[in-house]
Amino acid sequence: MSERLASKPRSREKPERPRRRRIDPDWIRRNGVYVALVLLLAINVAITDNFVSDATLRLQLIQVTPVLIVALGMALVIGTQGIDLSVGAVMALAAALIPLYIGYGTGVAIAIAVLAGGVSGALAGTLVARIGVQPIIATLGIMVAGRGVANLFGGEIKSIRDPGMVALGSGSLLGVPYVVVIAAVVAAVTWFLVRRSNFGRQLVAIGGNKRAAELGGLPVPRVLLTTYILCGLLAALAGVLLAARSQASDPTKVGLLVELSAITAVVLGGTPLSGGQVRIAGTIAGALLMQLITATLIFHDIPDSTAQIAQAVIVVAAVYVQLGRRKARP
Amino acid sequence: MTTTVAAAPAGSGGTRARVARVAQRQGALVILVASVLAATLAFDSFGTAGNLENIALQASFLAVVALGMTFVIMSGGIDLSVGSVFALGGVLAAWGSRYGTLAALLVPLVVCGAIGLVQGLVIARGGLPPFIVTLAGLLFARGLLLLISDEGATTYKVPPGSAFRELAQGGLLGIGYPIWIVLVAFGIGGLLLRRSSYGSTVLAIGGQEDAADLMGLPVLRTKVIAYTTCGVLAGFGGLLMASYTSSGVTVLGVGMELEVISAVVLGGTLLTGGAGTVLGSLVGVLLLQVIRNVINQVGSLNSNWQAVISGTILLVVVTAQRWLAKVEGR
Amino acid sequence: MLETEGVTKSFGGVHALRGVDFSLARGEIHALVGENGAGKSTLIKVLTGVHRPDSGAVRFAGAEVEFHRPAEAQRAGISTIYQEVNLVPLLSVARNVFLGREPRTRFGLIDTAKMNRGAAELVGSLGVDIDVTGELGRLGLGVQQMVALARAMSVDSRVVIMDEPTSSLEAKEVATLFQVARDLAGRGVGIVFVSHRLDELWRLCDRVTVLRDGRRVHTGPMTELDRVTLVAHMLGRDAGEVARGGATGFEGKHDRDREPVLTADGLEVRNRLHGVGLSVRPGEVLGLGGLLGSGRSETVKAVYGALPVRSGSVEVGGRRVRPNSVRHALRAGIALLSEDRKAEGIIPGLSVRDNIALAVLPRLSRAGILSERRIDELVDTFVRRLRIKVANPRQPVRELSGGNQQKVLIARWLCTEPTVFLLDEPTRGIDVGAKAEVQALIDELAGQGLAVVLVSSEMDELVEGADRILVLHDGTVTGELAGDRMTGAALLAALAGHAGSGEEGSDE
Amino acid sequence: NPGTNEEAAPVGGNDGGDQQVVKESSGEGCTLADYGAEKIDLGEAVVGFSQSEPDTAAFRAAETKSIRQAAEQAGVRDLLVTNANNELPKQIADIQNMLSQGVDFLIVAPVNSDGLDPALNAAKQRGVPVLTIDRKVTNTHCADYVAFLGSDFYEQGRRAADALNEVTGGTAKVAVLLGSSGNNVTEDRNSGFQDQVRERYSDLEIVAEQTANFARDEGQAVAEQLLQSNPDIDAIYAHNDEMALGAVTAVQAAGLDPGQDVRIVSIDGTRNAVQAIVDGDINAVIESNPRFGPLAFETAEKFYAGEPIPEDVIIEDDEYNAENAEANIGDAF
Ligand SMILES: Nc1ncnc2c1ncn2[C@@H]1O[C@H](COP(=O)(O)OP(=O)(O)OP(=O)(O)O)[C@@H](O)[C@H]1O
Ligand SMILES: Nc1ncnc2c1ncn2[C@@H]1O[C@H](COP(=O)(O)OP(=O)(O)OP(=O)(O)O)[C@@H](O)[C@H]1O
Ligand SMILES: [Mg+2]
Ligand SMILES: [Mg+2]
């Protein structure tokens with residue numbers, strides 16, 4: 001790994017003197033979340049029974065998918081210096097719609113559910129981009145109303161027996177569960193959007209300095225709107241996958257507090273809440289880290305009180321590793 | 001010597017700008033007054049003294065917490081831990097009340113203040129993002145609460161006849177003490193914000209942190225104080241609630257942070273910091289409380305519709321606020 | 001009184017300062033000059049506790065000091081106006097002046113009335129007439145700089161450091177500032193003064209220190225240097241080589257017989273502009289003159305669609321441009337270089353490369369996918385053409401010195417291949433070399449048929465660079481200078497004539 | 001001490017062949033005179049019902065429906081229903097609001113056993129009698145409230161242990177899916193189970209206890225993790241049906257047969273869970289009866305008729321198991 005340290009791009013003009021071979025704080029900053037992830041994995045390998053098995057690994061990957069997919073959408077929104085609190089409610093709404101439309105076929109039901117997420121995202125995007133409402137409050141309103149709507153649609157908890165949905169939730173492709181495949185595809189697409197697309201570059205620019213982006217002629221409202229729609233679509237997709245996996249939809253409980261987990265994953269991954277940057281790989285690692293923390297606490301049957309305190313400490317420590325040395329000054 | 005700077009079309013512009021500013025900042029007040037009037041006309045039981053006092057009393061717990069949050073948000077931060085700290089404060093107060101009123105007051109304030117202090121230190125000194133640190137604080141305080149109440153099994157009761165009960169159940173001139181407390185606290189808060197260098201520093205940090213630092217303002221200290229005060233006030237809110245309910249209820253405060261944040265933002269404080277009024281937050285809290293009360297006045301509304309309506313009202317209010325700001329500003 | 005010895009500071013791979021010795025005496029006005037990125041601001045930040053030197057020592061009043069925070073330097077009696085105006089935009093002017101040391105009433109509360117009065121007096125004594133209870137952010141950059149000066153004056157300091165205080169100031173305000181500086185120096189205060197407007201140095205400063213690439217290359221009395229030698233020191237070239245340049249990089253006048261490409265008519269912006277109209281021909285440089293707050297920036301912003309107009313029209317090439325839309329203005333071929341680099345220009349977290357390509361991303365992508373190769377090509381071209389000093393185009397733009405950031409922005413707009421280029425203070429904060437380059441570039445662009453509107457606070461720049469000058473006052477066009485009437489004196493008269501509000505011109 | 005005073009409440013309502021049985025009632029009787037309330041005619045009265053949790057939970061839906069139907073049956077002038085969404089302060093406000101809207105009688109499903117004092121005091125001041133259902137408050141009987149109608153959650157926990165013992169044959173490694181922390185239902189269902197296991201079934205070994213917040217997807221996620229880290233788990237006790245249903249999916253995902261390789265017992269009696277018994281995925285469900293409506297209005301009528309009302313009226317909870325599930329699935333809610 002220290003190989004990578006040394007091979008940072010050097011400035012062309014004046015080759016630097018080789019620096020002392022100490023771990024570069026900047027490197028830690030950029031890779032803190034991976035360090036923490038590897039550390040926690042190592043600890044588990046050492047102390048947790050039955051941890052080293054592909055079943056365990058697969059389980060973590062499966063369980064992380066909903067949060068991860070939500071977090072990827074959230075990372076985009078945070079990149080614009082926004083935030084989306086409505087993702088949990090959108091998940092619930094999507095899950096609630098599945099049983100209602102499953103009669104028309106699996107595909108139709110999924111399409112309608114995911115579209116509903118897009119509509120909710122469009123509402124959030126309109127409020128933020130066109131009307132200028134602060135994102136946190138716009139999406140908070142949608143979160144409250146959205147869960148109400150989900151409950152109205154969904155009513156009581158419903159079991160989902162549709163074979164298509166069941167297969168989606170528990171089947172696998174060449175040994176990799178469908179949900180994991182889908183999450184991987186979503187991650188790849190998001191990465192591509194951020195790194196390679198016009199949209200991604202504009203998104204980051206808006207997050208970095210909105211006024212400058214406007215004066216630069218960027219279609220600010222359109223980019224913001226698209227971002228919130230994407231986030232809504234992804235949240236809805238997460239809701240669908242969760243419903244497929246649990247073969248049920250419970251509008252009151254699905255996606256509860258997922259917004260906080262998603263935001264934490266994004267921030268752990270090195271995307272600043274102040275916008276202007278999106279780190280997809282970091283977000284994935286952040287979500288995995290959160291998942292592994294939860295799993296570790298369950299594996300060792302830690303009571304809820306201690307588990308919450310431990311989680312608090314680990315999260316702060318992980319972010320500290322990430323940002324610790326950086327002075328808060330520009 | 002002549003004044004040669006072409007003064008901006010001063011006079012009218014200045015006052016106009018100020019009118020616009022007031023309208024924007026006090027948009028919530030306009031809406032509050034309007035909704036109170038409308039509700040009084042629409043529902044016989046709304047305008048009764050009893051009901052209005054009820055609203056005020058119910059609002060007072062949230063208001064105390066919102067006061068602390070206002071300063072934190074104005075300094076450009078956020079505190080997600082207030083809900084848990086509120087609950088913890090209540091449990092500690094009820095626990096302490098068995099050792100006398102002094103213990104009931106001091107224990108929660110000290111412990112909650114300490115949580116705020118630690119959060120403030122980690123944020124200000126460590127430079128970690130407030131969102132994450134206080135999210136960890138949320139978990140930590142909840143975990144601590146569960147720890148001291150046997151995983152939530154034990155609810156401490158305030159002994160009958162304890163003077164501590166008087167704090168929230170008694171009153172002066174027919175008006176409950178909590179309402180008086182809120183009035184005094186907001187009075188002090190307003191003075192502090194407008195007329196103390198602490199207040200100016202808070203606003204300066206929220207407005208432009210690096211500038212505040214370069215101007216030689218005590219950035220670190222001010223932030224730490226803001227989070228500590230927020231912790232103390234959240235704990236105090238919980239303490240009041242414990243006195244009001246005569247018990248240390250363990251399930252309180254879930255989701256309260258979002259309610260408080262929306263109250264503060266409704267009140268015209270910029271979530272990005274740097275501007276706002278203390279009075280606005282009080283208005284925001286009252287507005288939320290009135291909305292809730294009005295929904296109840298409608299009578300036997302399905303709980304899901306209640307959520308849909310309160311979310312929608314929130315969105316309508318912020319949209320109206322933006323609209324007011326735009327119309328007046330141009 | 002304030003000294004450094006062998007101060008070294010580097011950021012990652014960039015060596016901003018290399019063993020700099022500097023010393024400031026009591027009551028002297030000491031100029032600090034150098035190209036963009038030479039390390040001036042960094043040295044100042046080391047002196048005032050913003051940065052800590054990697055090695056070397058800072059001495060103040062004879063004792064070695066180590067300031068950990070700007071607050072400590074201030075408490076010790078060093079007051080600083082930093083380069084990028086560093087005030088709080090959302091707070092009132094009065095609060096900004098007194099932040100951290102507000103006057104108190106008997107009860108320990110801030111005495112708002114006294115504070116406002118004090119601020120009004122201070123700001124007024126600098127010749128600025130504004131409502132001190134209004135938000136600072138609503139004021140133009142120039143006025144903000146005067147407020148920063150008022151703040152620095154409001155304390156008893158032993159050292160006052162000014163990093164490019166005049167970059168947005170008008171001749172009048174510059175004169176006021178000089179007066180203030182001389183008064184302070186007369187009272188024994190040491191002053192460090194940074195400016196890229198070299199002429200100012202001889203008018204004000206006693207001694208000069210020249211930095212180049214983070215090294216101190218010269219220190220000596222101001223009077224012993226002539227302009228050419230100074231520039232030669234800064235650039236590290238032969239005096240002879242430098243000598244051929246004039247005061248500005250402008251060469252001559254342009255062909256102006258064609259039909260106007262840009263025509264704006266009756267632009268109305270509430271409280272700001274009252275029926276401003278202008279027209280520019282291809283290949284022409286139209287200057288906009290006026291005092292602080294006269295509406296020059298508003299005019300160009302309104303033309304660009306960045307400031308909502310109530311009425312008025314803008315036409316490019318005979319076609320009406322949809323009002324109040326930056327995107328349509330851009331599409332019509334208008335570009336605007338804004339005066340406020342920090343708030344309206346750079347996107348600090350993005351790389352130099354992405355900042356340059358920002359406005360033309362759609363053109364560099366196919367089906368929404370960016371062509372990194374084409375971006376690189378474009379960026380390389382402009383980095384070379386404008387001689388932007390970067391370690392690597394992927395470096396975040398926030399790490400560049402002010403002048404290089406400005407070049408990045410110019411490159412951004414040139415990428416859009418505009419037909420009309422609105423330049424609001426294009427040479428603000430750019431060093432002599434770069435300034436001449438930018439000016440030459442303006443000439444060159446005009447020569448290629450670009451219509452240019454040039455807003456500048458520097459008289460020379462306007463007079464030499466423009467083919468025609470419109471004079472603005474209070475949001476209306478009050479005069480036009482062209483041809484032979486376009487001299488510095490005439491411009492001054494035009495400005496003063498309208499500004500003197502009935503009095504006998506000015507005493508300049 | 002429970003001075004049993006067996007009383008068979010009449011079958012009420014037309015709620016689909018719904019049976020309403022009082023299992024036992026205890027405590028001193030409380031009469032209208034003791035309580036100091038005014039006599040009114042229920043037919044003229046405005047009744048308020050403060051529900052604690054959203055109606056999306058099957059239990060709450062059944063409960064609210066039962067109250068609404070019974071109110072209609074009893075012919076009250078008006079029924080106001082509020083829902084506290086699980087927030088105690090909101091419930092206090094709800095009750096106070098209803099009081100200021102002039103309700104004459106209150107039925108409260110408390111969010112929490114403690115902390116309703118301000119609401120109860122306000123009701124007392126206005127002379128409005130309060131009946132609490134499904135969760136008992138810790139305030140003073142016959143001063144702060146008329147009576148408590150509900151299930152005995154502790155007993156449910158004990159019965160769950162009995163059922164688990166039955167279906168496992170007495171030996172098992174048990175994982176417990178706890179309800180939300182701080183909730184007294186969680187507490188009671190847990191301690192009842194624990195006590196019974198400790199006293200009676202020494203071969204039932206509790207190997208893990210993790211909260212899954214009464215939610216199906218969390219039940220699934222936690223069960224998956226537990227089965228992974230503890231492959232020898234062969235029985236699961238869930239504090240409600242939802243978590244049990246989540247556990248069923250988890251067991252299947254682990255390649256095991258729920259109901260066979262891993263025995264599952266839970267509490268509630270929702271239709272989905274009883275169907276799972278029929279399908280052989282869950283082994284037994286202890287019912288928690290939500291049909292309080294008829295009993296509540298019955299009690300109110302008796303109260304106004306001057307009859308003494310006992311402090312606790314414990315409603316009969318059924319049990320569903322492999323033998324009776326198919327036959328009784330119609331009773332599930
Ligand atoms: N925080 C930073 N991080 C990285 N590099 C920096 C930082 N601050 C300054 N530099 C670099 O240090 C060098 C000196 O910059 P400095 O701002 O001191 O220049 P300057 O002389 O003030 O230029 P200008 O006249 O343009 O303001 C530049 O190359 C700049 O890119
Ligand atoms: N006295 C003033 N009061 C309020 N706002 C002002 C005043 N002077 C300038 N402004 C604001 O400052 C900004 C720029 O001002 P304007 O365009 O009038 O100045 P300018 O002629 O370009 O001069 P400069 O930019 O050098 O200040 C505008 O947004 C304007 O609203
Ligand atoms: Mg500089
Ligand atoms: Mg200007």
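Nothing here was measured: the structure is a model prediction, and the numbers come from that model. A, B, ... follow the sequence lines: proteins, then strands. Residue 1 opens every chain.
Considering NZ of Lys45(C) and CG of Leu214(B), their distance stands at 7.0 Å, rounded to 0.5 Å.
When heavy atoms are compared at a cutoff of 4.5 Å, Leu192(B) does not approach chain C at all. At a 4.5 Å heavy-atom cutoff, the contact between Arg151(C) and chain B is made by side-chain atoms alone. Asp111(C) touches chain B through its backbone: at least one of N, CA, C or O sits under 4.5 Å from a heavy atom, while the side chain does not.
The closest donor-acceptor contact from the side chain of Arg195(B) to the backbone of Leu109(C) lies at 3.5 Å or more, if one exists at all. With hydrogens and angles ignored, the 3.5 Å screen pairs no side-chain donor or acceptor of Gln74(C) with any backbone N or O of Leu217(B).
Ala71(C) and Gly216(B) get closest at one heavy-atom pair: CB-O, 3.3 Å.
Within 6.0 Å of the CZ atom in Arg182(C), the count of heavy atoms belonging to other residues, nucleotides or ligands exceeds 12.
Contact tally against chain C (heavy-atom pairs below 4.5 Å) for Pro218(B), Gly207(B), Ser196(B): the top residue is Ser196(B). When each of Leu91(C), Thr48(C), Thr80(C) is checked for heavy-atom pairs under 4.5 Å with chain B, Leu91(C) comes out on top.
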TODO: Quick one: do Met215(B) and Leu87(C) satisfy side-chain contact (heavy atoms from CB on, under 4.5 Å)? Show the steps, please.
DONE: CA-CA 8 Å; Met215(B) 284 176 163; Leu87(C) 298 171; 3.2 Å; yes
Open item on the list: Go through it in stages, so that I can follow the logic: the residues are Asp213(B) and Arg69(C), the test is side-chain contact (heavy atoms from CB on, under 4.5 Å), and I'd like the CA-CA distance, side-chain angles, deciding distance and then a yes or no.
Closed with: CA-CA 8 Å; Asp213(B) 191 38; Arg69(C) 315 197 60 82; 2.9 Å; yes
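Side-chain atoms of Ser197(B) and Arg104(C) form a donor-acceptor pair, as typed in the model, at a separation below 3.5 Å.
The only option from Asn96(C), Leu99(C), Val88(C) that meets the side-chain contact (heavy atoms from CB on, under 4.5 Å) definition with Ser200(B) turns out to be Leu99(C).
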